[in-house]
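Below: the structure, in structure tokens.
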Amino acid sequence: MGKTLFDKVWDTHVVDTIENGPQVLYIDKHLIHEVTSPQAFQELKERGIPIARPDKIIATADHNTPTINQHLPIKDILSRNQLRQLTNNCKENNITLYDLGHKYNGIVHVIAPELGITQPGMTMVCGDSHTSTHGAFGTIAFGIGTSQVAQVFASQCLLMQKPKKLRVNVNGKLGKHVLPKDVILYIISKLGTNSGTGYFCEYAGNVFEEMSMEGRMTVCNMSIEMGARGGMIAPDETTFNYIKGREFAPKDDAFDKKVAYWKTLKTDDDAIFDLEYSFDASDIEPMITYGTNPGMGIKISDSIPEINDATFEKSLAYMGFKKGELLLEKEINYVFIGSCTNSRIEDFRIAADYVKGKQKAANVTAWLVPGSQQVAKQITQEGLKEIFEEAGFKLRQPGCSACLAMNDDKIPEGEYCVSTSNRNFEGRQGLGARTVLASPLTAAATAIAGRIINVSEEIQEPEFV
Amino acid sequence: MEKFVTFTSTAIPLPTENIDTDQIIPARFLKATDKQGFGENVFRDWRFNKDNSINKKFVLNDTRFRGSILVAGNNFGCGSSREHAAWALSDYGFKVIISSFFADIFKGNALNNGLLPVQVSEDYLKKLLAEITQNPSIELTIDLKQQILKTPIGEIFIEIDSYKKMCLINGYDDIDFLISKKEKIIAFEIAQHQ
């Protein structure tokens with residue numbers, strides 16, 4: 001029987017197998033940030049255990065950082081302390097840290113790919129569930145808890161049961177304004193938030209093959225929202241071209257040698273998955289969520305389903321929506337374009353392309369938060385910053401920001417926010433805040449209109465000059 | 001890690017499904033750099049009203065229900081990987097969570113902290129929730145050695161990986177085990193570079 005892409009990467013990283021138990025899996029890259037690492041450092045320190053491979057760890061500050069005035073001391077004492085601890089821990093243990101203000105600083109899942117740290121065939125972990133993002137490169141990448149961060153610190157390995165294998169195929173032609181975010185929101189709306197639990201997911205089909213690396217990252221990023229520990233897409237020319245020339249990518253002969261290996265990382269024709277789903281691309285439209293988990297999504301022009309269930313009703317009550325209601329034309333006062341799902345340069349290009357020559361609605365507060373310093377630089381270099389500013393938007397500095405609202409970027413109670421992030425849980429963007437997940441295009445259009453509109457209908461209107 | 005062998009307690013019913021780790025411990029409480037004290041803010045935004053008064057409608061504030069076992073709706077612990085959720089539940093006093101389904105990362109985090117996730121069928125969960133709601137004083141027993149859950153609904157076998165079972169019963173954690181594999185790990189690293 002053939003092997004899947006997942007098998008090929010997993011099997012080459014198994015150090016040992018416990019009978020009737022987990023396997024010892026070697027980890028090639030360990031990404032850390034300020035929120036989920038301090039207790040792991042503390043644990044090792046208390047037990048007198050050294051960090052096994054500090055050279056395989058990369059640290060950044062992102063979750064808890066302000067997105068304005070980053071040159072000033074952080075006002076919040078607890079946040080400041082958490083960042084100081086990260087700096088001290090990295091210094092004491094000889095770990096590379098891209099601290100606040102560093103030219104490589106940014107959201108952990110944005111910087112590792114853009115620096116060429118993420119490469120096909122690797123195993124990568126981070127104390128963050130959206131580590132699945134890196135699977136876009138044909139990498140086994142998944143989120144871990146802090147105890148596991150400590151385990152990787154101590155041994156560069158993890159004890160893991162090999163997950164089951166799931167494949168999601170999407171074939172056909174996507175509509176013109178259907179973005180990767182819509183594709184993954186559509187998949188989760190069809191499969192629900194726990195269909196992938198216990199599985200590692202491979203995304204296959206021409207839709208993913210034709211997607212850019214950044215689009216693939218958006219898709220893999222949200223694998224965890226259907227419960228899958230990780231998502232993967234087989235590496236191809238798009239992947240190799242993306243990696244080539246990046247800061248930490250292999251160079252010259254070493255690169256060619258790697259590419260020859262990376263080309264073998266695809267699922268064999270006769271490999272068997274434990275579970276498989278297929279969707280038709282033409283059925284996907286711009287998507288939007290109406291509830292308090294990412295599976296509660298609909299096509300933007302559809303109405304909220306009528307389901308009689310206590311949890312469903314609790315969710316709608318929180319959102320202030322009614323069964324059967326349309327989301328189109330809802331007034332929206334907050335828009336957030338950012339997060340590890342959608343804060344890369346392509347996301348800002350799409351937003352800028354739409355807002356060019358238009359004006360932000362007066363009722364809207366919009367936060368545009370680049371995923372990294374490098375993305376911020378690119379936004380300026382490509383002239384997108386001017387477009388945003390002319391349209392009345394203000395760009396902020398990189399970080400996780402209003403995706404989880406650990407810093408001051410909180411949506412006020414009761415307000416709706418059309419957000420390009422990944423979670424619409426109760427209170428996720430601030431106490432009592434109501435999150436509506438969508439693509440960067442829908443978010444940009446909402447910011448201009450001040451209400452939810454169907455971009456694909458609007459853009460398709462014939463132009464009469 | 002504290003040992004877990006057998007445990008008996010009354011239980012608290014929380015039938016809501018898809019309880020995510022943002023509800024268990026909201027992100028604004030993740031700024032601490034040690035593991036203590038998270039119990040104070042477990043289910044913070046459900047336990048308290050927006051004016052910080054106690055939400056009497058929430059089950060943890062309902063004096064009829066007491067105990068160290070939480071019986072919760074399907075897909076418990078989904079969302080963020082924050083181990084703070086497991087720390088918060090433990091710190092509040094829970095030793096066992098019963099649900100018909102657990103999210104992967106949460107399940108691992110719970111096990112790494114001696115908090116036992118017990119998975120039961122949806123039907124069993126429904127009946128158990130109803131029974132506890134009617135009869136808050138019923139006791140539930142978990143015998144980890146025998147892998148048995150005993151409740152008035154019936155006695156059932158608990159699935160658990162034999163390695164994790166051994167760790168819980170003896171209070172071992174994965175770090176000790178992984179360090180004992182050091183030679184094999186170094187040999188792997190050398191082979192990987194060839």
Side-chain angles (χ1 to χ4, degrees), chain A residues 15-16 18 20-22 24 26 35-36 38-39 42-43 47 49 52-53 63-64 76 78-79 81-82 85 127-129 131 143-148 150-151 154-159 161 163 193-194 197-198 224 227 229 292-293 295 310-311 314 404-406 413 423 425-428 431-432, chain B residues 1 15-23 26-28 30-35 44-46 50 73-75 78-87 101-113 161-164 166 173-179 181-182 184-189 192:
Chain A
V15 174
D16 202 6
I18 304 170
N20 298 322
V24 178
Y26 193 78
V35 177
T36 56
Q39 292 87 349
Q42 190 187 8
E43 169 128 27
R47 292 165 72 160
I49 303 168
R53 293 295 301 266
H63 278 64
N64 205 355
D76 183 282
L78 291 173
S79 302
N81 179 44
Q82 208 169 43
Q85 282 223 16
D128 187 285
S129 60
T131 308
I144 56 177
T146 299
S147 293
Q148 292 176 306
Q151 289 160 29
S155 67
Q156 202 55 35
C157 288
L158 271 181
L159 273 169
Q161 287 277 8
T193 51
N194 65 8
T197 307
I224 187 69
R229 202 76 186 260
T292 55
N293 73 55
T311 299
K314 180 177 182 284
L404 82 166
M406 264 194 90
E413 191 189 329
R423 287 185 176 137
F425 298 153
E426 281 183 31
R428 173 82 178 180
L431 190 59
Chain B
M1 200 168 71
T16 306
E17 293 178 4
N18 299 315
I19 294 177
D20 58 76
T21 53
D22 273 83
Q23 306 318 314
R28 62 185 188 279
L30 306 185
K31 295 180 183 185
T33 53
D34 56 26
K35 294 181 190 178
R44 173 77 204 191
D45 298 336
W46 289 357
K50 279 156 196 156
N74 194 46
N75 198 25
C78 58
S80 152
S81 64
R82 60 187 71 162
E83 194 159 320
H84 312 67
W87 299 333
F101 201 85
F102 291 93
D104 267 349
I105 307 180
F106 174 80
K107 192 173 177 178
N109 288 342
L111 287 166
N112 282 333
N113 287 280
D161 164 335
S162 56
Y163 166 79
K164 269 292 158 201
M166 181 277 292
D173 70 19
D174 292 348
I175 291 185
D176 302 320
F177 181 85
L178 285 167
I179 288 177
K181 294 283 169 189
K182 201 162 190 172
K184 278 199 169 176
I185 295 169
I186 290 170
F188 177 90
E189 286 179 327
Q192 203 188 31

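What you see below is based on every heavy atom in this structure, not just the backbone, and it leaves out hydrogens, waters and symmetry mates.
- In this model, a donor atom of one side chain and an acceptor atom of the other lie less than 3.5 Å apart for A:Glu426 and B:Trp46.
- Of the possible polar contacts, one joining the B:Ser162 side chain to the A:Asn20 backbone as a donor-acceptor pair under 3.5 Å is found.
- Here B:Lys50 contributes atom NZ and A:Leu431 contributes atom CG; the two are 6.0 Å apart, rounded to the nearest 0.5 Å.
- In terms of heavy-atom pairs under 4.5 angstrom with chain B, the leader among A:Gly21, A:Gly432, A:Pro38, A:Gly427 is A:Pro38.
- Closest approach of A:Pro22 and B:Asp161 over heavy atoms only: CD-OD2, 3.8 Å.
- Of the two parts of B:Ala86, neither the backbone nor the side chain holds a non-hydrogen atom closer than 4.5 Å to a non-hydrogen atom of chain A.
- To the nearest 0.5 Å, the span separating CZ on A:Arg423 from SG on B:Cys78 amounts to 8.0 Å.
- The most heavy-atom pairs under 4.5 Å with chain A, out of B:Gln192, B:Arg28, B:Lys182, B:Arg82, come from B:Gln192.
- Side-chain contact between A:Ile18 and B:Met166 is absent, with no heavy atoms from C-beta onward closer than 4.5 Å.
- Interatomic distance, A:Gln151 CD to B:Asp174 CG, rounded to the nearest 0.5 Å: 4.0 Å.
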Carefully, step by step, assess B:Asp20 and A:Asn293 under the rule side chain to side chain contact (heavy atoms under 4.5 Å, CB included). CA-CA 9 Å; B:Asp20 58 76; A:Asn293 73 55; over 6 Å; no

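- Note on A:Leu159, A:Val15, A:Leu78: by heavy-atom pairs under 4.5 Å with chain B, the leading option is A:Leu159.
- Looking at A:Ala150, both its backbone and its side chain come within 4.5 Å of chain B, counting heavy atoms on both sides.
- The main-chain N or O of B:Leu30 is found under 3.5 Å from a side-chain atom of A:Gln82 such that the two form a donor-acceptor pair.
- Closest approach of A:Val24 and B:Phe177 over heavy atoms only: CG2-CE2, 4.1 Å.
- Atom CG in B:Asn112 sits 10.5 Å away from atom OG1 in A:Thr146 (nearest 0.5 Å).
- The backbone N or O of B:Asp104 lies less than 3.5 Å from no partner atom in the side chain of A:Arg229, so there is not a single donor-acceptor pair.
- Interface remark: A:Ile224 contributes side-chain atoms only to the contact with chain B (heavy atom separation under 4.5 Å).
- Of all non-hydrogen atoms in B:Ser81 and A:Gly127, the two that sit nearest each other are OG-C, 3.5 Å.
- Contact of B:Lys184 with chain A is made through backbone and side chain together, with heavy-atom distances under 4.5 Å.
- A salt bridge is defined here as a Lys NZ or Arg NE, NH1 or NH2 lying under 4.0 Å from an Asp or Glu carboxylate O, and B:Lys31 with A:Asp76 meets this definition.
- The minimum heavy-atom distance between B:Pro15 and A:Thr311, with the atom names listed, is O-OG1, 4.5 Å.
- Side-chain contact check for B:Asp34 and A:Gln39: no donor-acceptor pair (N or O, by modelled atom type) lies under 3.5 Å.
- A:Thr292 is not listed as a side-chain neighbour of B:Gln23, based on a closest heavy-atom distance of 4.5 Å or more.
- The distance from atom CG of B:Asn74 to atom CG of A:Asn194, rounded to the nearest 0.5 Å, is 5.5 Å.
- The CG atom of B:Leu178 sits 6.5 Å away from atom SG of A:Cys157, with the distance rounded to the nearest 0.5 Å.
- Of all heavy-atom pairs between A:Arg428 and B:Ser80, the closest is NH1-CB, 4.4 Å.
- The closest side-chain heavy-atom distance from B:Asp173 to A:Glu43 is below 4.5 Å.
- Listed here is the closest heavy atom pair of B:Ala103 and A:Thr197: CA-CG2, 4.1 Å.
- Checked by atom type, the side-chain pair A:Ser147/B:Glu83 shows a donor-acceptor distance below 3.5 Å.
- When heavy atoms are compared at a cutoff of 4.5 Å, A:Ile144 approaches chain B solely by way of its backbone atoms N, CA, C and O.
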